[in-house]
Amino acid sequence: MVPLTAPAPVDLPEPPPDRGGWWHAYVCPAHGVELAHDGLLTGVFPAGGARCRHGCRIDDPAVRGAWTVLAHQACARRIRSLARSPRPADRAAAARLLAGYAERYAALGGATHAGAAEWMLRGRLFHQALTEAIWAVTVGQAARALRAAGGPQPAEVTGLLDGLAGAAAQAHESLVADGRFDSNYTAWLIAAGAVCSERPEWLTGPHGLHAHVLAAVRPDGWEWEAATYYHHFVLRAYLLALDAQPQVPLPEPVRERLVAMAAVLDTITTPGGLLPMLHDGPYRRPPAEHELAELAELRPLLGAVAAPAHPVVVYPDAGYAVLRADGLHALVDFGPHGGSHGHLDKLALYLYGTDTPWQPDPGQVPYAHQGWRRHYRSTAAHPTFAVDGLDQAECAGRLIGHDHRSLAVGCDTAYPGVSARRELRLRDGALVDELTVTTDRPRRITLGLRPDVELTVRPASGGGFGTAWHGRQVLHGEHRASTDADLVARPGPGPADDPQRTRTWVDWTAVDATAVTFRSVYRLGA
């Protein structure tokens with residue numbers, strides 16, 4: 001069991017009376033931002049509707065259902081805090097609250113949520129079995145903490161844990177039968193079963209955790225979807241399950257894969273702690289920060305983790321490369337699309353300083369907002385190449401070669417008749433970037449710059465242009481093209497935590513071209 005600092009006494013939560021909906025519906029339909037997490041421990045939906053940071057108030061059944069999910073999750077976390085408290089009165093309150101949840105869960109009679117969408121793997125208290133499994137892990141941890149403190153566990157709570165483990169087993173069997181064993185859902189269903197039942201077969205069985213790690217995590221250490229959020233989401237589920245059953249031996253191949261997962265996060269994180277949210281996931285979201293803090297607390301279960309220290313690190317299965325030198329932290333995406341969590345961003349170049357996101361992956365909004373979701377999935381939202389203003393196809397690039405200071409990647413399937421190659425070199429304290437695109441007929445070829453900082457653009461003598469990327473660190477860019485290329489700097493939406501935040505987008509375009517090389521040199525500056 002990972003040691004936890006005892007919390008200060010806390011107020012008692014009031015779980016909401018309703019079943020939870022789909023949390024991704026907790027989004028402003030006008031502005032695309034996640035709504036405020038008000039009143040989650042009160043059991044009462046905010047009067048006048050959930051707040052949007054831009055002044056809206058939203059009150060409809062989908063938003064109420066989403067708020068209810070967040071409220072149940074927040075209440076479970078507060079109950080866990082009470083259960084871990086050194087104060088007997090807090091632990092007694094946790095036991096009462098768990099007993100109350102047990103009565104409500106038993107009253108559902110095992111019926112799945114009738115209000116869930118057809119595509120969902122349905123839960124009982126929640127639309128999604130995934131959401132219910134996350135809640136179940138927290139509830140199971142609270143019950144374990146009470147047992148560890150030596151207090152009696154009400155019979156109702158034992159029944160609740162049995163019910164949650166049984167629901168997880170049923171959903172788990174459904175995913176296995178459907179050929180989706182490697183799903184991130186499965187990782188959390190395993191964690192729920194392991195925490196609530198403490199039966200070792202959740203780890204050791206033919207479709208248990210050990211098998212899932214080897215099926216869902218590629219040899220380079222990335223979870224198969226190659227999305228940062230789902231990567232740490234799955235790793236957290238694994239560690240929660242292992243924490244619940246420390247007596248179960250961990251096979252060395254499984255341990256090695258888990259250590260590789262942790263090393264991935266260490267490698268892509270900047271020295272100042274910025275974690276690039278590659279492919280799909282929230283660009284910046286407070287609950288995700290809490291999840292990362294919990295993951296950090298669980299990391300000692302893996303022992304020492306040594307991340308690669310080389311200036312160039314390549315992940316061939318996921319299709320990412322990291323280049324690091326002199327305060328520059330660059331990532332290039334050349335890999336497979338990533339399934340439903342992929343974005344149309346082959347050969348995108350993401351740029352970070354120690355703690356400045358100069359040109360980050362923009363992330364994604366809650367999924368219920370289809371319009372902004374399509375935008376953040378699009379090629380236009382990313383710092384990569386586009387042809388004739390069209391989206392790239394769902395495709396994979398390839399690794400051409402690399403050494404300790406350089407990298408070359410390519411893609412021939414983003415557009416019919418189009419080939420692209422991106423070469424990156426670390427040289428004399430600078431990052432040199434050359435993107436070459438060739439086409440089978442005259443086309444409009446564009447390279448986009450997509451900052452999340454104030455960007456200054458200025459013409460340069462002899463053609464080309466210069467850029468200054470501001471922040472805690474300042475990045476300077478010098479840019480030239482091999483043929484005539486138009487430069488358009490225009491307002492564009494910022495990353496997905498707030499689509500209303502305006503940034504300066506740069507579209508650098510060669511018109512009626514069959515070949516062009518866009519060359520940029522980036523250096524840190526005052």
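A donor-acceptor distance shorter than 3.5 angstrom exists from the side chain of Thr384 to the backbone of Lys346, with no hydrogens or angles considered. Side chain of Thr270 to backbone of Leu274: a donor-acceptor contact under 3.5 angstrom is found. A donor-acceptor distance shorter than 3.5 angstrom exists from the side chain of His231 to the backbone of Met261, with no hydrogens or angles considered. The backbone N or O of Ala191 sits nowhere less than 3.5 Å from a side-chain atom of Tyr238 that would complete a donor-acceptor pair. His369 contributes a side-chain N or O that, together with a main-chain N or O of Trp372, makes up a donor-acceptor pair within less than 3.5 Å. Between the Ser183 side chain and the Tyr185 main chain, a donor and an acceptor come within less than 3.5 Å of each other. For Glu291 (side chain) and Phe233 (main-chain N/O), no donor-acceptor pair under 3.5 Å exists by modelled atom type. With hydrogens and angles disregarded, no donor-acceptor distance shorter than 3.5 Å links the side chain of Ser406 to the backbone of Arg425.
Checked against the 6.0 Å centroid threshold, Trp22 and Trp119 count as a close aromatic pair. You'll find the ring centres of Phe518 and Trp508 inside the 6.0 Å limit. Ring pair His382/Tyr376: centre-to-centre distance not below 6.0 Å. Ring-centre distance between Trp202 and His172: below the 6.0 Å cut-off.
Between His54 and Asp498, the side chains place a donor N or O and an acceptor N or O closer than 3.5 Å (distance only, hydrogens not considered). There is no side-chain donor-acceptor pair under 3.5 Å between His279 and Tyr229. Side-chain polar atoms of Asp280 and His343 form a donor-acceptor pair below 3.5 angstrom. Side chains of Glu223 and Asn184: no donor on one and acceptor on the other come within 3.5 Å. Looking at Trp188 and Thr186, their side chains never bring a donor and an acceptor atom within 3.5 Å of each other. For the residue pair Asp452/Tyr283, the side-chain donor-acceptor check at 3.5 Å is satisfied. A donor and an acceptor atom, one from each side chain of His329 and Thr354, are nowhere located under 3.5 Å apart. Judged by distance alone, the side chains of Thr356 and Gln473 do bring a donor and an acceptor atom under 3.5 Å apart. A side-chain donor from one of His341 and Glu225 sits under 3.5 Å from a side-chain acceptor of the other.
Asp433 and Arg519 are not joined by a salt bridge, as no carboxylate oxygen comes within less than 4.0 angstrom of a charged side-chain nitrogen. For the pair Asp345 and Arg450, the salt-bridge criterion is not met [side-chain N within less than 4.0 Å of a carboxylate O]. The pair Arg427-Glu434 fails the salt-bridge criterion, with no side-chain N (NZ, NE, NH1 or NH2) lying under 4.0 Å from an Asp/Glu carboxylate O. Taking the charged nitrogens against the carboxylate oxygens, Asp220 and Arg218 have no contact shorter than 4.0 Å, which rules out a salt bridge. The residues Asp512 and Arg444 are annotated as not salt-bridged, no charged nitrogen and carboxylate oxygen being separated by less than 4.0 angstrom. Salt-bridge formation is detected for the pair Asp412/Arg398: a Lys NZ or Arg NE/NH1/NH2 atom is positioned less than 4.0 Å from an Asp or Glu carboxylate oxygen. One finds a salt bridge joining Asp266 and Arg299 here, because a Lys/Arg side-chain nitrogen approaches an Asp/Glu carboxylate oxygen to under 4.0 Å.
Of the inter-residue distances, the one linking Arg422 atom CZ with Phe334 atom CZ reads 13.5 Å to the nearest 0.5 angstrom. Taking NE2 from His24 and OH from Tyr367, the interatomic distance works out to 5.0 Å, rounded to the nearest 0.5 Å. The distance from atom CG of Leu235 to atom CG of Leu302, rounded to the nearest 0.5 Å, is 6.5 Å. Note that CZ of Arg324 and OG1 of Thr267 are 5.5 Å apart. Values are rounded to the nearest 0.5 Å.
Under a cut-off of 6.0 angstrom, the local environment of CG in Asp428 is sparse, with at most 12 non-hydrogen atoms contributed by other residues, nucleotides or ligands. Annotation: Asp484, atom CG; neighbour count of heavy atoms from other residues, nucleotides and ligands within 6.0 Å does not exceed 12.
The shortest distance between side-chain heavy atoms of Leu347 and Phe385 falls below 4.5 Å. No side-chain heavy atom of Met277 sits under 4.5 Å from any side-chain heavy atom of Arg284. Residues Val488 and Val506 fail the side-chain proximity criterion, which asks for heavy atoms closer than 4.5 Å. The shortest side-chain heavy-atom distance between Pro276 and Asp361 does not fall under the 4.5 Å cut-off.
In this structure, Trp222 and Tyr320 have tilted ring planes: the angle between them lies in the 30° to 60° band. Using cut-offs of 30° and 60° on the angle between ring planes, the pair His479 and Phe465 is parallel.
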